[in-house]
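Please read the structure below before turning to the comments.
Every chain is numbered from 1 and lettered A, B, ... according to where its sequence line falls, protein lines coming before strand lines. Computed from heavy atoms alone, side chains included, the values below leave out hydrogens, waters and symmetry copies.
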2 protein chains.
Amino acid sequence: MMGVMSSDLIPRLWGKPPAGRRGPKPALSLAQIVEAAYVLADEHGLSAVSMARVAEEVGCSPMALYRHVKNKDELLILLSDRLCAELPEPSRDLGWREGLAAWMRAQVDLALRKPWFLDLPLAVTLPGPNRLAWIDLAFYYLRDVALPAEEKLAIVGILSQYTLGEARIEVEAALSEEDNPFASFEQMLVTYADPERFPSLMASLATWSPAAPGERSEADNPSAFGQGLLIAGIEAHIERHAGCSGPE
Amino acid sequence: MMGVMSSDLIPRLWGKPPAGRRGPKPALSLAQIVEAAYVLADEHGLSAVSMARVAEEVGCSPMALYRHVKNKDELLILLSDRLCAELPEPSRDLGWREGLAAWMRAQVDLALRKPWFLDLPLAVTLPGPNRLAWIDLAFYYLRDVALPAEEKLAIVGILSQYTLGEARIEVEAALSEEDNPFASFEQMLVTYADPERFPSLMASLATWSPAAPGERSEADNPSAFGQGLLIAGIEAHIERHAGCSGPE
DNA sequence: ACTAATTTGCGTAACCTATAAACAGTTAAC
DNA sequence: GTTAACTGTTTATAGGTTACGCAAATTAGT
């Protein structure tokens with residue numbers, strides 16, 4: 001009957017100690033499989049990570065992988081947690097503002113270093129040990145901020161999501177070097193944007209100088225704006241709830 | 001050699017008038033294909049949207065579709081813009097705060113009505129006419145806010161991204177009715193969370209009462225917190241830049 | 001106008017991928 | 001030893017996509 005929960009993903013994420021093993025010794029280990037996928041993604045992009053290719057790499061039949069992983073999506077979740085192990089921890093001597101900013105930047109930098117990360121179909125990835133350690137770091141920076149755990153969790157979630165978007169923009173910009181990341185967006189606008197159809201948008205954009213190539217509008221860090229906005233929001237929220245930090 | 005740009009996606013998104021057609025009259029129209037995909041997704045979920053199934057629906061061979069869309073991903077982009085046509089426009093008599101809140105809520109509500117929306121592999125979807133109209137609405141609410149167009153664009157992007165995450169949470173919660181959306185997250189924590197390994201996280205979570213089922217912690221709107229945070233951030237940014245709204 | 005070149009729409013065949021199902025060999029527990 | 005639990009393989013099916021071929025329609029050349 002196996003009243004097992006819908007997913008053994010969690011034990012697999014955490015390298016569950018194999019229970020009462022009865023059958024033959026496994027020739028493959030999960031770590032080995034994930035590592036093979038990692039190397040493949042790193043060297044040939046995420047598209048090279050097919051079950052067949054991974055199997056070939058570890059020397060087994062493609063279907064053998066399914067004894068260790070429920071399906072390809074699960075392998076990719078494991079892969080994404082594996083990637084989190086590559087995040088370099090910023091200094092712990094930072095205030096929550098600078099700390100979180102560095103925390104975000106490290107993630108964008110990782111995406112720049114491993115662009116295939118953004119090809120992962122993430123959605124609602126359940127964090128594994130490595131990602132959870134990264135979240136723990138965010139909580140470290142927030143340690144002196146007087147907010148309930150659930151709000152901190154929500155904040156970390158929002159920052160993560162923003163970071164992902166920022167990473168996408170920067171990676172795309174880096175790939176089409178010298179080319180504006182909004183190139184296709186701009187082209188679309190100039191070709192089809194109809195002031196009658198999109199009046200508010202066009203009115204606002206009318207005052208926009210599209211930033212000459214090679215020149216950065218604000219600082220040399222285009223993500224500064226979004227980051228600042230989010231940090232400001234957190235600040236405002238903290239101040240607003242400064243007095244009511246008593247229990248209940 | 002056809003120095004054609006990498007993508008004819010844009011013309012396709014905008015229902016490009018077919019130029020100097022030379023060959024036989026098309027038996028299929030793009031709109032017809034997208035509509036078939038839309039109906040399939042609506043009735044049987046996104047997994048029912050396979051090239052073969054769509055082709056069957058419009059009465060042609062699977063490969064015929066490739067004369068109208070580059071690949072399945074492009075079909076899905078068209079589909080996602082088609083879905084944006086279903087967004088009901090909130091009242092225009094709202095301040096920017098309330099307007100943007102309603103704008104976000106409408107998107108979450110759409111996701112609740114069409115859960116398959118969240119299965120779309122979106123990433124960096126280039127907006128089509130319908131989505132652009134929706135963005136225009138956001139700019140309408142921001143019309144009296146004195147910020148440069150690029151900052152407004154960044155804000156809208158951040159709100160969109162947050163909304164998507166919020167939608168995911170609410171949809172998941174609605175699917176596992178009565179069940180905590182963080183069920184697996186919580187289970188993972190109680191099983192594996194090690195205070196030595198994740199000290200900051202566990203310290204913060206130690207003061208967390210996991211909210212009894214059926215009870216909502218804050219208001220009956222769990223998204224209030226994130227929305228409030230973002231709106232507060234925007235407010236703070238506006239105030240900070242209140243005086244320097246002059247040109248350059 | 002008539003033909004030929006060209007361009008376009010669609011189908012067939014073939015390949016790769018993911019994965020379900022059935023199978024076979026292995027080992028520990030009884 | 002028998003059995004149950006487990007590992008990996010073989011086989012089969014469905015879906016996405018490329019290569020290619022034929023037919024239709026439009027344009028050019030005469």
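With rounding to the nearest 0.5 angstrom, the CG atom of A:Leu230 is 6.0 Å from the CG atom of A:Leu159. How far CG of B:Leu30 is from CG of B:Leu13: 9.0 Å, rounded to the nearest 0.5 Å.
When only modelled atom types and interatomic distance are considered, A:Thr163 and A:Arg168 share no side-chain donor-acceptor pair under 3.5 Å. Side chains of B:Ser160 and B:Arg131: a donor-acceptor N/O pair is present below 3.5 angstrom, by distance only.
In this structure a side-chain-to-backbone donor-acceptor pair under 3.5 Å is missing from A:Trp103 to A:Pro90. Listed for the A:Asp81 side chain is a donor-acceptor partner under 3.5 Å among the backbone atoms of A:Gly128. The main-chain N or O of A:Pro11 is never found under 3.5 Å from a side-chain atom of A:Asp8 such that the two would form a donor-acceptor pair.
The aromatic rings of A:Tyr192 and B:Trp14 lie parallel to each other, their planes meeting at an angle below 30°, with 60° marking the opposite boundary.
Note: CG (B:Asn71) to P (C:dT17) measures 17 Å, nearest angstrom. Atoms CD (A:Glu74) and P (C:dT19) sit 11 Å apart, rounded to a whole Å. Rounded to whole Å, atom P of D:dG15 lies 15 Å from atom CG of B:Leu75. Across the protein-nucleic acid pair, B:Tyr66 atom OH and D:dC20 atom C1' stand 16 Å apart, rounded to whole Å. The distance from atom CZ of A:Arg67 to atom P of C:dC23 is 14 Å, rounded to the nearest whole Å. Put simply, CE on A:Met51 is 13 Å from P on D:dG8, counting in whole angstrom units. A straight line from NZ of A:Lys72 to C1' of C:dA20 spans 17 Å, rounded to a whole angstrom. When the P atom of D:dT7 is taken as reference, atom CD1 of A:Ile33 falls 11 Å away, rounded to whole Å.
The side chain of A:Ser50 has C:dT17 as its nearest neighbour among D:dT7, C:dT17, D:dG16.
Applying a 4.0 Å cut-off to non-hydrogen atoms, the residues of residues 52-65 of chain A that approach DNA chain C are A:Ala52, A:Met63, listed by residue number.
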Return a table of donor-acceptor pairs under 3.5 angstrom between the side chains of residues 108-115 of chain A and protein atoms on other chains or two or more places apart.
{"residue": "A:Asp109", "atom": "OD1", "partner": "A:Arg105", "partner atom": "NH1", "Å": "3.0"}
{"residue": "A:Lys114", "atom": "NZ", "partner": "A:Tyr38", "partner atom": "OH", "Å": "3.3"}
{"residue": "A:Lys114", "atom": "NZ", "partner": "A:Asp42", "partner atom": "OD1", "Å": "3.3"}
{"residue": "A:Lys114", "atom": "NZ", "partner": "A:Asp42", "partner atom": "OD2", "Å": "2.9"}

Considering only nitrogen or oxygen atoms on both sides, find all protein atoms under 3.5 Å from nucleotides 26-30 of chain C and state each distance.
{"residue": "C:dT27", "atom": "O2", "partner": "A:Arg22", "partner atom": "O", "Å": "3.0"}
{"residue": "C:dA28", "atom": "O4'", "partner": "A:Arg22", "partner atom": "O", "Å": "3.0"}

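Regarding contacts with the backbone of D:dT7, every side-chain N or O of A:His68 stays at 4.0 angstrom or more from both OP1 and OP2.
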